[in-house]
Amino acid sequence: MPELPEVETIRLQLAEKLVGKQIVGIKVLLPKQFQGEVEEVIGARIIDVGRRAKILLIHLDNDRSILIHLKLTGQLIWAPKTELPGKTTHIIFEINDGRLFFNDLRAFGWVRVIRGFGDFGDFGVEPFSKDFTVEYLGRVFAGTSRPVKLVLMDQTKIAGIGNIYANEALWEAGILPAKPAKNLENLEIEKLRNSILVVLKEGIKYGGASAADEAYVKPNGSKGKYQEHFRVYQRGGQPCWRCGGLIKRVSLGGRGTFFCPVCQK
DNA sequence: CATTGTCCCTGGAAGC
DNA sequence: TGCTTCCAGGGACAAT
């Protein structure tokens, strides 16, 4: 499922293909996934491709932006003008020199047209911003007894972390996912902040994670490689890379949660 | 306000 | 073999 590193990888590839290009048409094959008026973006030029949390922002030269959330199985595929849509293609952006397919098997994702260039949604700090400090995390954790993993994934607190990177960051920091957030000590918070940055950077470095049974691919169709570097995610029953203990899988907040019961405290 | 539960959707796996 | 049931999962929204 595309999280910050996957969306960032897509953003970088799309920016190369799209900036300066013109949207000459849009075909909406599944209306529930497109919110807004098609007419508002046809003819506009793309001036930038950005990201906020797990949302892609395509900024246009007519004071409009196209927001895209890929949720679990969304894909954005850059293709030649002549290429035909696949069976999960739900929206087609016709660009002057190609087409961008929005594919989404489970149809949870969405595309939305807004006025302006941002200022939408209720999101917490970006992990790579200067506001993502130990003090900020401490304040966020202090107010809640929820499992720390659920707080990491709460987009209104920290933007962009999903199930994969929450699991990996907690392993990296040696902290149990179910530990109540307010019980973390300062040293643990400091370690966790660093671990979040480490795993997100690793994710970006390897072009995101195309894990088993997941749909993520880059706009050029190639897979990411971060799944080859998972320490805990989808490794239930296998030995811990750090201590040899067996990785355990439990459900936390309805999400698969992986950790080493020996070296995560 | 904080937190938990429900639902959206599909393919693959498991059960019979 | 073929049918039915169950499950995963981000986040909007409703309920507590």
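Every chain is numbered from 1, with letters handed out A, B, ... down the list of sequences.
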Inset, instruction - Whole angstrom is fine here: how far is it from CD in A:Glu3 over to P in C:dG9? - result: 11 Å
Inset, instruction - Could you state the atom-to-atom distance from NZ of A:Lys71 to P of C:dG9 in whole Å? - result: 15 Å
Inset, instruction - Say whether A:Lys182 and A:Thr144, considering side chains only, have a donor N or O and an acceptor N or O under 3.5 Å apart. - result: no
Inset, instruction - Describe the nucleic acid contact of A:Thr144 in one word from base, sugar-phosphate, nothing, applying a heavy-atom distance below 4.0 Å. - result: sugar-phosphate
Inset, instruction - Please work out if A:Gly256 contacts a base, only the sugar-phosphate, or nothing of the nucleic acid, heavy-atom cut-off 4.0 Å. - result: sugar-phosphate
Inset, instruction - Classify the nucleic acid contact of A:Leu105 as base, sugar-phosphate or nothing, counting any heavy atom under 4.0 Å across all strands shown. - result: sugar-phosphate
Inset, instruction - Determine whether the side chains of A:Lys81 and A:Asn96 contain a donor N or O and an acceptor N or O closer than 3.5 Å. - result: no
Legend entry - Over 12 non-hydrogen atoms of neighbours within 6.0 angstrom of NZ in A:Lys21: yes
Legend entry - Rounded distance (Å) that lies between atom P of C:dG11 and atom NZ of A:Lys32: 16 Å
Inset, instruction - Can you tell me the distance, in whole Å, between the CG atom of A:Asp122 and the P atom of C:dG11? - result: 12 Å
Legend entry - Option among A:Ile68, A:Asp104, A:Val111 that satisfies the side-chain contact (heavy atoms from CB on, under 4.5 Å) test with A:Gln33: A:Asp104
Anything under 3.5 Å between a donor and an acceptor, one on a side chain of residues 195-203 of chain A, the other on a protein residue two or more places apart or in another chain? List them.
residue  : atom : partner  : partner atom : Å
A:Ser195 : OG   : A:Ala173 : N            : 3.4
A:Ser195 : OG   : A:Lys191 : O            : 2.9

Inset, instruction - Give the rounded distance in Å between these two atoms: CG of A:Leu152 and P of C:dG11. - result: 14 Å
Inset, instruction - Could you list where the contact with chain A starts and ends along DNA chain B, reading 5' to 3', using a 4.0 Å heavy-atom cut-off? - result: B:dT3 to B:dG11
Legend entry - Separation of atom CG in A:Leu150 from atom P in C:dG9, rounded to whole Å: 13 Å
Inset, instruction - In whole angstrom, give the distance that lies between atom CZ of A:Phe108 and atom P of C:dA12. - result: 13 Å
Legend entry - Atom-to-atom span, CZ of A:Arg106 to P of C:dC7 - whole angstrom: 14 Å
Legend entry - Verdict with reasoning, A:Phe132 to A:Tyr136, per ring-ring contact (aromatic ring centres under 6.0 Å, His included): CA-CA 6 Å; A:Phe132 186 57; A:Tyr136 176 80; 7.1 Å; no
Legend entry - C:dG9 OP1/OP2 closer than 4.0 Å to side-chain N/O of A:Tyr233: yes
Inset, instruction - Looking at every strand, decide which applies to A:Asp104 at a 4.0 Å heavy-atom threshold: base, sugar-phosphate, or nothing. - result: nothing
Inset, instruction - Treat each ILVMFWY residue as a node, draw an edge where side-chain heavy atoms are under 4.5 Å apart, and state whether A:Phe108 and A:Leu4 are in one component. - result: yes
Inset, instruction - Could you check whether A:Ser145 gets within reach of a base, just the sugar-phosphate, or nothing at all, counting any heavy atom under 4.0 Å? - result: sugar-phosphate
